[in-house]
Amino acid sequence: MAGDTWLIIGLGNPGRQYARTRHNIGHMAADVLAARMGASFTSTRAKAVAATGRLGMRGGVPGPRAVVMKSLTYMNVSGPPVAQLAQFHSIDPERIIAIHDDVDLPFDSIKLKRGGGEGGHNGLRSMTQSLGTKDYLRVRAGVGRPPGRMDTADYVLKPFTAAELTTLPILVDDLADAVELLTAEGLEAAQQRFHGRSTAV
């Protein structure tokens, strides 16, 4: 399986109390990807659950092989499970994709990039430390800035507003689409398709 497999991480926190918060939009996208593959999440030795299959099945043609994972650790220690699964499946950093919330992007926007800084995101910081490199791919889900003087850490742990919930399913589907296009056609094609999308409420 090594060499042609992607490791896709939906970043988030474990536990029902965090399931519908902004910080867990990566988990939401991972759930969609697993459902599209027709795969179920199963426990691993890496303090994570993972679903394995082929991406892009909706068109009837199997896409690339992928391991889609959600860490069972909290966000700030996401890195060790990612590094363990990457090592177990012999997946290099250039074939690792992190899906995560980004407060520097307006709600309902998507950006993709390889490498760069973590922007204060504890999940990315932990991944970089554990992988020993920043050179992995990121699918960034805009969740907007906190209102007023609200602390960013408090903001990302709050649920989406009623208005945002009307658009959230489309955003999560588009995040999954972005991952599929990224793995099938590359970063530039995915950037051209998803950068600048605007259906924000």
Side-chain angles (χ1 to χ4, degrees), residues 7-36 41 47-49 51 68-79 81-82 96-113 116-130 134 136-180 182 190-191 193-201:
L7 178 59
I8 301 163
I9 302 98
L11 286 173
N13 284 309
R16 185 175 299 176
Q17 68 270 37
Y18 299 111
R20 304 303 295 174
T21 63
R22 293 177 175 87
H23 224 19
N24 273 42
I25 197 166
H27 275 196
M28 299 174 201
D31 289 340
V32 170
L33 286 166
R36 289 182 182 182
F41 285 100
K47 292 185 179 179
V49 291
V68 178
M69 68 164 282
K70 298 187 293 185
S71 175
L72 297 178
T73 63
Y74 286 102
M75 180 74 83
N76 62 345
V77 285
S78 300
V82 172
I96 294 176
I97 302 170
I99 313 169
H100 66 92
D101 61 303
D102 195 321
V103 297
D104 291 325
L105 297 178
F107 172 72
D108 199 34
S109 60
I110 295 174
K111 296 281 188 180
L112 300 93
K113 70 174 185 176
E118 288 85 27
H121 197 288
N122 290 330
L124 295 178
R125 182 180 295 114
S126 181
M127 280 185 57
T128 295
Q129 291 173 347
S130 296
K134 297 181 177 182
Y136 52 89
L137 292 152
R138 298 102 183 272
V139 176
R140 305 159 62 199
V143 296
R145 300 293 302 175
R149 297 184 178 181
M150 183 184 293
D151 183 74
T152 299
D154 292 335
Y155 174 71
V156 296
L157 293 178
K158 288 185 176 296
F160 290 94
T161 66
E164 289 169 340
L165 287 172
T166 64
T167 306
L168 183 61
I170 299 171
L171 174 59
V172 173
D173 268 344
D174 282 356
L175 289 168
D177 288 344
V179 169
E180 290 183 345
L182 177 58
Q191 287 174 330
R193 166 66 178 83
F194 288 99
H195 285 196
R197 75 186 280 285
S198 180
T199 59
V201 294

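Computed from a prediction, not measured in an experiment: that's the story for all the values here. Quick note: numbers below take in every heavy atom, side chains included, and nothing from hydrogens, waters or symmetry partners.
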> For M75, does its backbone N or O pair with a side-chain atom of S78 as donor and acceptor, under 3.5 Å?
Replying inline: yes
>> I'd like to check the side chain to side chain contact (heavy atoms under 4.5 Å, CB included) partners of P159; sequence neighbours left out, ordered by chain and number.
In response: none
> Shortest non-hydrogen contact from A141 to I25?
Replying inline: CB-CG2, 3.8 Å
>> Distance check, rounded to the nearest 0.5 Å: L175 atom CG versus L112 atom CG?
In response: 8.5 Å
> Minimum heavy-atom separation for A19 to N24, with atom names?
Replying inline: O-CB, 3.8 Å
>> Checking N76 now: which residues fulfil side chain to side chain donor-acceptor pair (under 3.5 Å) with it, not counting sequence neighbours?
In response: none
> If every non-hydrogen atom of A190 is compared with every non-hydrogen atom of A178, which pair is closest and at what distance?
Replying inline: CB-O, 4.2 Å
> How far apart are the closest heavy atoms of T21 and L157, and which atoms are they?
Replying inline: CG2-O, 3.1 Å
> For Q129, what residues pass the side chain to side chain contact (heavy atoms under 4.5 Å, CB included) criterion, not counting sequence neighbours?
Replying inline: R125
> When you look at NZ of K113, are more than 12 heavy atoms from neighbouring residues, nucleotides or ligands closer to it than 6.0 Å?
Replying inline: yes
>> Within the structure provided, determine whether Y136 and T128 are in side-chain contact (heavy-atom separation under 4.5 Å).
In response: yes
>> List the residues meeting side chain to side chain contact (heavy atoms under 4.5 Å, CB included) with L165, not counting sequence neighbours, and say none if there are none.
In response: F160, L168
>> On a heavy-atom basis, which atom in P81 and which in S71 lie closest, and how many Å separate them?
In response: CG-OG, 3.6 Å
> Which distance, rounded to the nearest 0.5 Å, do you find between the CD1 of I110 and the CG of D174?
Replying inline: 5.0 Å
> With a 4.0 Å cut-off, would you call R145 and D104 a salt bridge?
Replying inline: yes
> Tell me the salt bridge (Lys or Arg N to Asp or Glu O under 4.0 Å) pairs involving residues 18-34, sequence neighbours left out?
Replying inline: R22-E164, D31-K70
> Going through the distances and angles, do I96 and I9 end up as a side-chain contact (heavy atoms from CB on, under 4.5 Å)?
Replying inline: CA-CA 8 Å; I96 294 176; I9 302 98; 3.4 Å; yes
>> Quick one, L33 with E180, criterion side-chain contact (heavy atoms from CB on, under 4.5 Å). Give me CA distance, side-chain angles, the key distance, then yes/no.
In response: CA-CA 9 Å; L33 286 166; E180 290 183 345; 4.1 Å; yes
> Which residues satisfy the ring-ring contact (aromatic ring centres under 6.0 Å, His included) test with H23, sequence neighbours excluded?
Replying inline: H121
>> One thing to verify: whether R36 and D173 come together as a salt bridge, which I'm taking to mean a side-chain N less than 4.0 angstrom from a carboxylate O.
In response: yes
> Does some side-chain heavy atom of L11 sit less than 4.5 Å from a side-chain heavy atom of L124?
Replying inline: yes
>> Looking at Y74, is its backbone amide N or carbonyl O close enough to the side chain of Y18 to form a donor-acceptor pair, meaning the two atoms are under 3.5 Å apart?
In response: no
> Do R138 and K111 have side-chain heavy atoms sitting under 4.5 Å apart?
Replying inline: no
>> Tell me which one of D151, T152, D154 satisfies side chain to side chain contact (heavy atoms under 4.5 Å, CB included) with P146.
In response: T152
> For L171 and F107, what are the C-alpha separation, side-chain angles and deciding distance, and is it a side-chain contact (heavy atoms from CB on, under 4.5 Å)?
Replying inline: CA-CA 9 Å; L171 174 59; F107 172 72; 4.1 Å; yes
> What closest approach, in Å, do A51 and F41 show between heavy atoms, and which atom pair accounts for it?
Replying inline: N-CD2, 3.7 Å
